[in-house]
Amino acid sequence: MLLNSLLRIGLFYAVLIALSVPLGLYMARVFSEQRTFLDFLLGPVERSIYRVCGVQRSQEMTWAEYAGAALLFGAASWLLLYLIQRAQYLMPFNPQRLGAVEPLLAFNTAASFTTNTNWQAYGGESTMSYMSQMLGLTSQNFLSAATGIAISIAVIRGFVRHSVKTLGNFWVDLTRAALWVLMPLCVALTPVYVWQGVPDNLNAYTEAKTLEGTTQIIAQGPVASQEAIKELGTNGGGFFNANSAHPYENPTPLTNLLEVLSIMLIAAALTHTFGKLCGDRRQGWTLFAAMSLFFLAAYALALWAEQAGNPKFPAMGIEQRAVAGQGGGNMEGKEVRFGTIDSTLFAAATTDTSCGAVNSMLDSYTPLGGLIPMFNMQLGEVIFGGVGSGLYGMIVMAVMAVFVAGLMVGRTPEYLGKKIEAREMKLVMLYVLIFPALILLPAAAASVTRAGLSGIANPGPHGFSEILYAFTEAAANNGSAFAGLNANTPFYNLLIGFVILAGRFMMAIPALAIAGSMAEKKAVASSAGTFPTTGVTFVVLLGAVILIVGALIFFAGDALGPIVEHFAMTSGRLF
Amino acid sequence: MRFIFTAVKLTIVLTLLTGLAYPLAMYGLANLFFPAQALGSLTSRAGRVVGSRLIGQNFSSPRYFHGRPSAAGDKGYDAAASGGSNLGPTNRALINAVAQRAKAVLAQNPGARAGQIPVDLVTASGSGLDPEISPAAAELQVTRVATARHLSVQQVRELVRRNTRARWAGILGEPGVNVLMLNLALDQAGTAAPVRGE
């Protein structure tokens, strides 16, 4: 069991590094408009898109223009997705004749998918037509991820450039992220998924006559093409209600490995893009190392908690240890083909990044096993994070770390040859404080109102965990869930929808503002007194800052939910 | 103002590209190269679709191997309403349900002993459609099925072995026994009706 889990995580990490380094260097070329091997194919497409849409590719934008463009694009996407859902009954590719999506649910879903959150207050197979799935959701899986990548590239430029006011062109970065980065990877992945058993059809649901003579209606759809971008873009919205636990979304251990890899791939690669663009590859490796420490620790803890299982079970005659013929562990909400090892790996990856896809039901995790995914998100989605948003979040935390170091030694802090001054620190603090406010205030409101409490599915402290989890994932733009919570109510659809929008844009705008302010500065030569931002010391400092500044504020909330439940469980209490 | 026009036009163009051109192209490729999988890995017997190799279904007769408990839909294994129970570990409803299932497993399976019930056989899967059970959960049911079908324990065990999936490349995932395919093989062993599909 232990040997096998070590083998698997070793294999996983080796492949992740082997793929993310070249991808990161490739992305550095893509976004500095250097030649790549796909230009002959994508170049003409790109040029005609710009011609049709009136994009001047050489036109540079200030940070405010860049943020404005991203906001406008988000607003247009939001409106289009809302309309598609409302009008799905009028459009083709709807063999089940599903009706229009309810207005509040459509609002929530549009907010969720255009911000790369992909929280779902509905079950896919019972709500969305194939047209909505493709034109509405698959497209936003691409475009929200491309928006995140574009913003992160702009933030990197802010630190790399000096004495200028501009950060690049949002339309160009967006288009290139979609065409050069996301599309080729998806085209490569989709056939592999289909080969392994992920369906891709436009048929009506299959009616099967089971061996025992009953009828089973099997939902179908264009699943494989959406599955590929769902993980690559750290989107996470499932085609089906059960998400990647569904055998049609994730049929084999091989697809599971590919899905977990896809979840982390671009976010990990962006650290290397960052290192390449700022001219010091070690800067990228340092961020990668800090992220990896958190990721591996979270995985180990979650696996330990889940493999230990439920202390009530042995007394009922149940074997939940790993013995001959079974993997054992807490199997409620988990699939046999994944067991605890592949389930917790997926859970750690999906919550460290802002993906939110699940291959096992987190609501049924043991208290500590469920605390890990929640805590991962409370770290601020900087451990790999969402595609793009993770990297710019991590850069903000790195600025925080050099500031703390500067305070300790009494020098003006510098990062990548730029002085960090009062204006940037104010923006950093804004970035750091918005996040817990977006989680804790609504969670508190939901915990004391009837509308909030009525959504709870599990009694006792677990019910509070469900509420806290819902707002944590919303602010973190994650989209995973303690899915027992009935969130398809006006209260939750609206409140969660607003938290999602705020969690995306109220974080991206300060990050871009910091970048804009950095771009205007002159570069200063590093001296003997410069605090080095590579190496083990900085990894440790950065880790400590993420924990203390970022996550400690959530301790009281976590104590009331998962931690209390853990002690209740070990002392045999039920609710 | 020009930004607004650009945003709207780019949204529409990129949406058509990624939301229509891409999925339809992939749909074409999938059905060209892997038609069986693209259609959902359906399994037929005597010209009739009996289910999908990848989707579990309800079995309650002692003549069939039983799959895992399912929380999909009201009666379980509703393949148009996937999902888990979402019951938390300290929820009395979970503990009571599992205790009842454990009792039923012991009562239905001759030779099954308390302390040896595989945990996957009494807990609901994440999808509610898990097509597999652990090899231990299959072994526990071998005697019951063999008795009900007047087959030898060795014959049934051999069919279980043939429908067991090992770890991928010896490393990934956990081994599992496909319940539907195993039960189809059992029926075939009795009646020799042809089974089509993979």
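No experiment lies behind these values; they were computed from the predicted model shown. Numbered from 1 within each chain, the chains take letters A, B, ... in sequence-line order.
With a 4.5 angstrom heavy-atom cutoff, B/R68 touches chain A only via side-chain atoms. If you measure heavy-atom distances from A/A324 to chain B, the contacts under 4.5 Å come from the backbone alone. A/V223 does not touch chain B: none of its heavy atoms, backbone or side chain, sits under 4.5 Å away. Interface residue A/F575: backbone and side-chain heavy atoms are both found under 4.5 Å from chain B. Looking at A/L81, neither its backbone nor its side chain comes within 4.5 Å of chain B, counting heavy atoms on both sides. Contacts between A/E249 and chain B at a heavy-atom distance below 4.5 Å are absent for every atom of the residue. For a residue to count as touching a neighbouring chain, one of its non-hydrogen atoms must lie under 4.5 Å from one of that chain's; by this rule B/P118 touches chain A with backbone and side chain alike. In this structure, the portion of A/Y365 lying under 4.5 Å from any heavy atom of chain B is its backbone and not its side chain. Looking at B/Y64, only its side chain comes within 4.5 Å of chain A, counting heavy atoms on both sides. Using a 4.5 Å cut-off between heavy atoms, A/F240 contacts chain B through both its backbone and its side chain. Residue contact with chain B, scored on non-hydrogen atoms closer than 4.5 Å, involves the backbone and the side chain of A/P367 alike.
B/L10 and A/F73 make their closest contact through C-CE1, 4.2 Å (heavy atoms, listed as atom of the first residue, atom of the second, distance). The two residues A/A208 and B/V50 make their nearest non-hydrogen contact at CB-C, 3.7 Å. Nearest heavy atoms, A/Q220 versus B/G40: OE1-CA, 3.9 Å. Between A/C53 and B/V13, the closest heavy-atom pair is SG-CG2, 3.8 Å. Of all the heavy atoms in A/A76 and B/A7, the pair that sits closest is CB-O, 4.2 Å. Looking at every heavy atom in both residues, B/A80 comes nearest to A/E125 through O-CG, 3.1 Å.
Without hydrogens or angle criteria, B/D130 side chain to A/E335 main chain gives no donor-acceptor distance under 3.5 Å. Of the possible polar contacts, one joining the A/Q216 side chain to the B/G56 backbone as a donor-acceptor pair under 3.5 Å is found. Within the 3.5 Å criterion, the main-chain N or O of B/A81 finds no donor-acceptor partner in the side chain of A/N241. In this structure, B/S127 contributes its side chain and A/A242 its backbone to no donor-acceptor pair below 3.5 Å. Of the possible polar contacts, one joining the A/E212 side chain to the B/S60 backbone as a donor-acceptor pair under 3.5 Å is found.
Between A/Y193 and B/F34, the closest side-chain pair of non-hydrogen atoms is not below 4.5 Å. Between B/L39 and A/D200 there is no side-chain heavy-atom pair separated by less than 4.5 Å. When side chains are defined from C-beta on, B/N86 does not count as touching A/F482, because their heavy atoms never get closer than 4.5 Å. Contact of the B/E132 side chain with the A/P247 side chain is not registered, since no non-hydrogen atoms from C-beta on lie closer than 4.5 Å. At least one side-chain heavy atom of B/T15 sits under 4.5 Å from a side-chain heavy atom of A/L143. In this structure, B/S52 and A/Y248 have side chains that are in contact, with non-hydrogen atoms separated by less than 4.5 Å. Residues A/L211 and B/F59 have side chains in contact (heavy-atom distance under 4.5 Å, counting atoms from C-beta outward). Counting only heavy atoms from C-beta outward, the side chains of A/T210 and B/N58 never approach each other to under 4.5 Å.
Looking at B/V119, B/I117, B/D120 one by one, the single match for side chain to side chain contact (heavy atoms under 4.5 Å, CB included) with A/Q320 turns out to be B/V119.
Of all the listed residues (B/D78, B/I133, B/T164), the one sharing the greatest number of non-hydrogen pairs under 4.5 Å with chain A is B/I133. Comparing A/L79, A/N201, A/I229 by heavy-atom pairs within less than 4.5 Å of chain B, the highest count is held by A/N201. For chain A, the option among B/P135, B/S134, B/A38 with the highest count of heavy-atom pairs below 4.5 Å is B/A38. No other option in A/L182, A/D342, A/T214, A/I341 has as many heavy-atom pairs under 4.5 Å with chain B as A/D342.
The ring pair (Phe, Tyr, Trp, His ring centres under 6.0 Å) test applied to A/F12 returns no partner, not counting sequence neighbours.
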**OP:** Could you check B/T123 against A/I318 for side chain to side chain contact (heavy atoms under 4.5 Å, CB included), going step by step and ending with a plain yes or no?
**Re:** CA-CA 10 Å; B/T123 47; A/I318 297 164; over 6 Å; no
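Within residues 17-32 of chain B, the residues having any heavy atom less than 4.5 Å from a heavy atom of chain A are, in residue-number order, B/L17, B/T18, B/G19, B/L20, B/Y22, B/P23, B/L24, B/M26, B/Y27, B/A30, B/N31. Of residues 87-105 of chain B, those residues lying under 4.5 Å from chain A by any heavy-atom pair are B/L87, B/G88, B/P89, B/T90, B/N91, B/R92, B/L94, B/I95, B/V98, B/A99, B/R101, B/A102.
For residues 166-186 of chain B, the set of pairs meeting the side-chain hydrogen bond (donor to acceptor under 3.5 Å, both in side chains) definition, not counting sequence neighbours, comprises A/R8-B/E174, B/R167-B/E174.
Atoms NZ and OG, on A/K209 and B/S44 in that order, are 15.0 Å from each other to the nearest 0.5 Å.
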